[in-house]
Amino acid sequence: MERELWTIWEASAVRALRMDFLVLFLFYLVLVLIGVVTVCICSKTHYLKGVVRGGAQIISCIIPKCLQRAMPKLLHYLFRTRNHTFIILHLILQGMVYSEYTWEIFGYCRELEFSLCYLLLPYFLLIINLVFFTLSCVSDPGTITKANELLFLQVYEFDEVMFLKNMKCSTCNLRKPARSKHCSVCNRCVHRFDHHCVWVNNCIGAWNARYFLLYLLTLTASAATMAIVSTVFLVQLVVLSDLYLETYIDHLGHFQAVDIFFLIQYLFLTFPRIIFMLGFVMMLSFLLGGYLCFILYLAATNQTTNEWHNGDRAWCHHCRHVARPLSADTQVNRNIHSHGLWSNFGEVFLPATAPYERKKN
């Protein structure tokens, strides 16, 4: 077995290349991560609009006029209308990653006598993930209609800041229950509206928030599991072949001991598809893990993404007109819907239906 694996390694001659391409690849990944974090931080400030405006002006000098005219229509179709583009893209990416895992990682790991349960765990997570992905796509998030309008009006208390009594939706012409919002993409008012997710082509609201949370949890776990399995496989391959004990001749003709950078380069040249898949699932694990932590924070504090995004702005606007004495419980008053950690999490999985007057008793 070791001889066969070593033959694979010998098939690609050891080349003492400079690490330019690897440095550029890592630099690219770091830039992507920094960009995502920056957008998340700036999303609640006015600086993001300035950055987007400046970027648009720079791009307008490069992109032809015909593409500039087509771009708004394309963006409107992708992000402002309900379509299945991102669902298809999601399934394609998932299929490509699992195909590579099955075609190479699973086979090599079986030859190295990895535990079968360990190797089948990503498939188990995939099945669960697809179930909750489907439920997130097709389930009703909590559409407000004339028939259930009065019922939803009694579920949550109005804080008279973000959610005012006797407000009507200008589009649906329905009274707006507390914590609800009209989704311009789906063209409906949604109870306990969180956000509209293009990846599931549906709003996330009171009735499907639990499905979305479990979908995100299993997707993060599956990506992390494949990253761990792939990393363990590559480490064990290096150990079995004793490559870390070898030497190579650098571009100056000197013998050099194999270091971690050379090992990464050699693995990249020998198993390019596996390395690219590993880089993708590792980056995905960090991004999804960060977003999952954010969603768990919102669930623990009984907030929605919509409330978190608009909360400070609504209270600052409210404070300009209403003088409020500073007190120790000012922060508590800002979130009147939080009832403790376990109750908040329970409300995600069992949406509140009882009128808030009864909860006070």
Side-chain angles (χ1 to χ4, degrees), residues 44 80 82 135-197 200-213 294-319 321-322 324 331-361:
K44 295 188 72 176
R80 305 301 298 174
R82 295 197 71 183
L135 290 172
S136 299
C137 292
V138 303
S139 59
D140 181 7
T143 304
I144 301 173
T145 63
K146 198 66 178 176
N148 59 27
E149 174 188 9
L150 293 177
L151 177 63
F152 284 137
L153 283 168
Q154 301 178 68
V155 176
Y156 290 113
E157 183 179 0
F158 293 88
D159 60 6
E160 298 301 333
V161 179
M162 278 193 293
F163 306 107
L164 307 176
K165 285 184 178 180
N166 302 319
M167 291 290 293
K168 275 196 171 185
C169 175
S170 58
T171 305
C172 300
N173 198 30
L174 297 172
R175 291 178 62 189
K176 296 182 67 173
R179 312 189 77 181
S180 67
K181 185 179 184 297
H182 183 86
C183 176
S184 58
V185 180
C186 298
N187 194 27
R188 60 184 173 182
C189 283
V190 177
H191 175 54
R192 199 179 185 272
F193 177 86
D194 191 274
H195 70 287
H196 179 88
C197 180
V200 300
N201 193 29
N202 198 5
C203 291
I204 306 302
W207 292 355
N208 65 350
R210 57 186 181 273
Y211 303 140
F212 181 76
L213 177 59
F294 172 68
I295 294 297
L296 290 174
Y297 161 74
L298 293 181
T301 56
N302 205 329
Q303 298 182 77
T304 64
T305 303
N306 178 57
E307 294 165 358
W308 174 83
H309 183 267
N310 297 320
D312 292 342
R313 181 172 57 187
W315 274 90
C316 289
H317 178 75
H318 182 69
C319 290
H321 302 88
V322 180
R324 285 178 175 266
Q331 191 67 27
V332 177
N333 292 335
R334 290 191 175 189
N335 187 3
I336 63 175
H337 305 293
S338 180
H339 304 289
L341 180 64
W342 298 114
S343 296
N344 293 340
F345 271 112
E347 192 169 312
V348 174
F349 292 94
L350 295 174
T353 56
Y356 64 83
E357 288 87 354
R358 296 179 187 174
K359 296 179 182 178
K360 293 179 180 180
N361 298 331

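Looking only at atom types and distance, the side chain of Asn208 has no donor-acceptor partner in the side chain of Ser136 under 3.5 Å away.
Between Leu296 and Phe345, the closest side-chain pair of non-hydrogen atoms falls below 4.5 Å. Considering only heavy atoms from C-beta on, Pro177 stays 4.5 Å or farther from Val155 through its side chain. In this structure, Val190 and Lys181 have side chains that are not in contact, with every pair of non-hydrogen atoms separated by 4.5 Å or more. In this structure, the side chains of Phe163 and Lys176 stay at 4.5 Å or more apart for every pair of heavy atoms.
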Practice item. I would like to know whether Phe212 and Asn202 meet side chain to side chain contact (heavy atoms under 4.5 Å, CB included); could you show each step before the answer? Key: CA-CA 10 Å; Phe212 181 76; Asn202 198 5; over 6 Å; no
Exercise for review: Could you go through the side chain to side chain contact (heavy atoms under 4.5 Å, CB included) check for Ile144 and Cys172 one step at a time?
Suggested key: CA-CA 9 Å; Ile144 301 173; Cys172 300; over 6 Å; no
Practice item. Just do the side chain to side chain contact (heavy atoms under 4.5 Å, CB included) check on His182 and Leu174 with the steps written out, would you? Key: CA-CA 10 Å; His182 183 86; Leu174 297 172; over 6 Å; no
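Atom OG1 in Thr301 sits 9.5 Å away from atom CG in Leu341 (nearest 0.5 Å). Here CD1 of Ile204 is found 5.0 Å from NE2 of His195. Values are rounded to the nearest 0.5 Å. Distance CZ/Arg179 to CD/Glu157: 11.5 Å, rounded to 0.5 Å. Separating the CG atom in Leu298 from the CG atom in Asp194 is a distance of 6.5 Å, to the nearest 0.5 Å.
For the pair Arg210 (side chain) and Leu350 (backbone), a donor-acceptor distance under 3.5 Å is absent.
Listed here is the closest heavy atom pair of Asn344 and His337: OD1-O, 4.1 Å. The nearest pair of heavy atoms linking Phe193 to Asn306 is O-CB, 3.8 Å. Across all their heavy atoms, Ser338 and Asn302 have their closest contact at CA-CB, 3.9 Å. Smallest separation of non-hydrogen atoms from Leu213 and Val348: CD2-CG1, 4.3 Å. The minimum heavy-atom distance linking Asp140 with Thr143 is given by the pair OD1-OG1, 2.8 Å. Smallest separation of non-hydrogen atoms from Glu149 and Arg175: OE2-N, 2.7 Å.
Proximity of the aromatic rings of Trp308 and Tyr297 is defined here by a centroid distance below 6.0 angstrom, and this criterion is not met.
Of the candidates Ser139, Cys137, Pro141, Val200 forms a side chain to side chain contact (heavy atoms under 4.5 Å, CB included) with just one, namely Cys137.
Using the six-membered ring where Trp is involved, Phe152 and His191 have ring planes that are parallel, under 30° apart on the 30 and 60° scheme.
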